[in-house]
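Note: hydrogens, waters and symmetry copies are ignored here, and every other heavy atom, side chains too, is used. Every chain is numbered from 1 and lettered A, B, ... according to where its sequence line falls, protein lines coming before strand lines.
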There are 2 protein chains.
Amino acid sequence: MQRVTRDDVARRAGTSPAVVSYVLNNGPRPVAPATRARVEQAIAELGYRPNLVARALRSTRSNVLGLVVPDSSEGYFTQLTHAVERAAFARGSLVLMGNSAFSREQEQRYAESLANMRVDGLLLVRAEIAGAAATESALDVPVVYLHHQAPAGSEAPSVVLANNSGGRLTAEHLLGHGYDEIGCLTGTARSGPVADRARGWTEAMRAAGKDEGNVLRTGLDRHAARADIRRWLQSSRPRAVMATADGLALDTLTVAAELGLRVPDELAVIGFGGTEAAAHSWPPLATAGHSFDDFAGAAVSTLDQLRENSPATDQILDVTLTTRASCGCR
Amino acid sequence: MQRVTRDDVARRAGTSPAVVSYVLNNGPRPVAPATRARVEQAIAELGYRPNLVARALRSTRSNVLGLVVPDSSEGYFTQLTHAVERAAFARGSLVLMGNSAFSREQEQRYAESLANMRVDGLLLVRAEIAGAAATESALDVPVVYLHHQAPAGSEAPSVVLANNSGGRLTAEHLLGHGYDEIGCLTGTARSGPVADRARGWTEAMRAAGKDEGNVLRTGLDRHAARADIRRWLQSSRPRAVMATADGLALDTLTVAAELGLRVPDELAVIGFGGTEAAAHSWPPLATAGHSFDDFAGAAVSTLDQLRENSPATDQILDVTLTTRASCGCR
DNA sequence: GTGAAAGCGCTAACAT
DNA sequence: ATGTTAGCGCTTTCAC
């Protein structure tokens with residue numbers, strides 16, 4: 001049994017294929033109500049489903065967005081991915097997604113595949129990848145960087161959190177609690193969101209005249225990170241920890257439980273990212289963040305602007321603090 | 001500047017468009033080495049990128065798989081989604097994904113969009129959705145159900161875990177520890193994976209001559225579930241809990257911490273799903289599960305079989321137990 | 001208001 | 001081994 005095409009519908013409705021298109025797309029030409037009704041009936045009777053591939057080829061618009069994240073299983077990226085999917089669907093688009101596994105080569109591979117698939121736009125979420133831009137210029141597709149600033153040499157706009165001021169905010173909150181030894185738990189990258197948050201911490205500590213030397217930098221391997229944190233908590237014994245990502249903060253909570261350290265009484269912890277997981281840990285984790293739906297929505301709109309050749313500018317989203325038990329509040 | 005097409009490449013290489021296709025697809029006709037080299041050079045010089053939309057239209061194969069999950073942010077589905085993406089990419093396909101939000105209507109909407117996008121196959125992950133099949137028959141696309149059995153009236157094969165025997169396995173493990181009052185924490189659906197696991201628990205309890213009455217059924221709202229669990233632990237005080245999903249088990253761990261119940265000394269907990277999160281909780285959560293990569297791989301292969309019109313059969317994946325501190329081991 | 005027709009960029013059958 | 005060509009199913013311009 002052959003698939004039903006637009007021609008079948010036209011034949012059955014006793015009209016031309018063009019009119020079927022006009023009905024389907026509600027334009028660009030008007031259709032008489034009676035004709036429209038006949039077409040709609042034919043569509044229903046035949047169970048016609050427009051071939052979106054053909055439409056995409058003809059119209060050079062696929063209604064598909066590409067999304068590349070480092071690791072869609074990691075809490076923060078998971079939520080960003082979900083939010084992008086929701087924002088896209090609300091706008092009538094579907095999302096083709098890929099995991100770069102923190103590898104520039106893999107990111108490039110996905111970006112190319114996605115571009116060849118003629119996605120309407122590409123959302124690139126980088127993390128902890130040093131170095132050059134993906135050669136997005138050759139891709140000939142609108143690109144927006146999400147979460148991470150666009151790399152040097154890139155023309156693409158970005159939508160990022162106010163990481164530096166957010167870092168200051170969280171550090172100041174801990175300072176406000178009166179904690180003396182405040183450590184910073186962060187990643188190894190020298191630039192990027194996580195590094196910016198750490199810089200904010202440094203600035204706040206310096207401004208308060210406190211020791212800014214207690215920094216633990218750890219990598220992406222979660223098991224190793226835990227071991228690092230354990231050693232750190234045992235040796236340098238900070239009274240409070242600002243983690244530059246919720247994942248690190250949650251690991252700190254777990255290690256604290258392992259060591260029998262009471263949070264927040266013996267160790268206060270604050271995270272960054274505003275993930276759901278933070279609300280569900282024990283004790284609940286204070287965290288700085290921004291609504292993921294807003295975040296994703298801003299990125300998708302920016303992509304739209306790019307398509308319309310409007311000059312898209314970088315966006316920096318304000319970060320607000322959600323205080324919870326872990327920092328010493330309540 | 002116009003995009004480079006295959007004709008441009010042919011012109012530059014001084015050959016015909018067909019030959020360019022033969023080079024690109026490595027067939028179906030042979031190409032002389034010298035010609036091939038010229039074509040490849042032209043491709044490189046022009047920065048040609050094949051239009052996969054056109055290819056999909058012509059070849060009726062998109063190299064795109066559709067995936068619909070209830071909630072890609074929930075730990076288990078997150079990992080399943082990631083694994084599907086990986087399995088698909090390994091096979092040369094990308095994944096278009098959608099969140100049904102546990103709604104049959106939304107699932108149907110996505111399934112239709114995805115089918116209209118002419119995905120090569122549809123992977124449907126259902127949970128806690130009662131009732132009818134998506135009208136997949138009209139979709140005219142290979143469908144495989146993942147995680148959940150195919151609904152009644154569906155012809156589609158499914159790839160599921162051995163939920164019933166897995167439920168027995170976990171219950172028996174708890175029984176083996178010598179715990180007396182063993183409760184079961186599960187969902188509200190009367191059928192499906194979670195219900196099957198609970199049934200396995202019941203069978204094991206009955207076989208052991210133990211009380212099978214201590215069951216808490218709770219819904220999808222996480223906040224409400226926590227409150228339910230709290231009341232349950234306080235009133236019926238089971239010595240051990242088998243949760244039919246890791247998410248519920250992790251919530252139990254959190255509530256236990258809140259209540260000051262020591263796990264496993266005062267309350268043993270075991271989960272189901274084999275998620276990563278289970279390995280990172282405190283205490284580490286024992287859980288029954290199956291490799292997500294296998295799980296996703298099986299689903300993707302089944303989809304391939306369906307495309308080749310091989311008779312695809314249901315698959316039931318064995319579940320193994322990973323014991324960790326939470327159940328009393330170690 | 002409606003229809004005819006020209007492609008979008010590609011694959012592959014059919015020629016040579 | 002290579003070239004010619006007929007579509008895949010659709011959108012939209014242009015005629016009527």
| query | Tell me: CG of B:Asn63 to P of C:dC10, nearest whole Å? | reply | 15 Å

| field | d(CG, B:Asp140; P, D:dG9) in whole Å | value | 12 Å

Protein-nucleotides 13-16 of chain C N/O pairs closer than 3.5 Å?
| residue | atom | partner | partner atom | Å |
| --- | --- | --- | --- | --- |
| C:dA13 | N6 | B:Tyr22 | OH | 2.7 |

| query | Rounded to the Å, how far apart are A:Met117 CE and C:dC10 C1'? | reply | 14 Å

| said: Regarding A:Asp8 and A:Arg11, does a basic nitrogen lie under 4.0 Å from an acidic carboxylate oxygen? | reply: yes

| said: Checking side chain to side chain contact (heavy atoms under 4.5 Å, CB included) between A:Leu80 and each of A:Val69, A:Thr275, A:Leu146, A:Leu123, which is the one that passes? | reply: A:Leu146

| query | Using a cut-off of 4.0 Å on non-hydrogen atoms, how would the nucleic acid contact of A:Asn25 be classed: base, sugar-phosphate, or nothing? | reply | sugar-phosphate

| query | Do the side-chain N or O atoms of B:Thr5 get closer than 4.0 angstrom to the phosphate oxygens (OP1, OP2) of C:dG9? | reply | no

| Should A:Thr35 be listed as having a side-chain N or O under 4.0 Å from OP1 or OP2 of C:dG1? | no

| said: Without decimals, in angstroms, what is the distance between A:Leu24 CG and D:dG9 P? | reply: 15 Å

| Any sub-3.5 Å donor-acceptor pair from A:His290's side-chain atoms to A:Leu317's backbone N or O? | no

| Is there a donor in the side chain of A:Thr302 and an acceptor in the side chain of A:Gln315, or the other way round, less than 3.5 Å apart? | yes

| message | Can you measure A:Arg38 atom CZ to C:dG1 atom P for me and round it to whole angstrom units? | response | 14 Å

| Contact list for DNA chain C against residues 41-61 of chain A - heavy-atom distance below 4.0 Å | A:Leu57, A:Arg58

| said: Considering every strand and a 4.0 Å limit on heavy-atom distances, what is the contact class for A:Ser21: base, sugar-phosphate, or nothing? | reply: base

| request: Could you check how far CZ of B:Arg118 sits from P of D:dG9, rounded to whole Å? | output: 8 Å

| query | Can you tell me if A:Asp314 uses its side chain to pair, donor with acceptor, with the backbone of A:Ser158 under 3.5 Å? | reply | yes

| message | For A:Glu45, I'd like to know if atom CD has over 12 heavy atoms of other residues, nucleotides or ligands within 6.0 Å. | response | yes

| said: With a sphere of 6.0 Å drawn around CD of B:Glu155, does it hold more than 12 non-hydrogen atoms of other residues, nucleotides or ligands? | reply: no

| message | Surrounding CD of A:Glu308 (heavy atoms of other residues, nucleotides or ligands, distance under 6.0 Å), is the total greater than 12? | response | yes

| query | Under 3.5 Å, is there a donor-acceptor pair between the side chain of B:Asp120 and the main chain of B:Asn63? | reply | yes

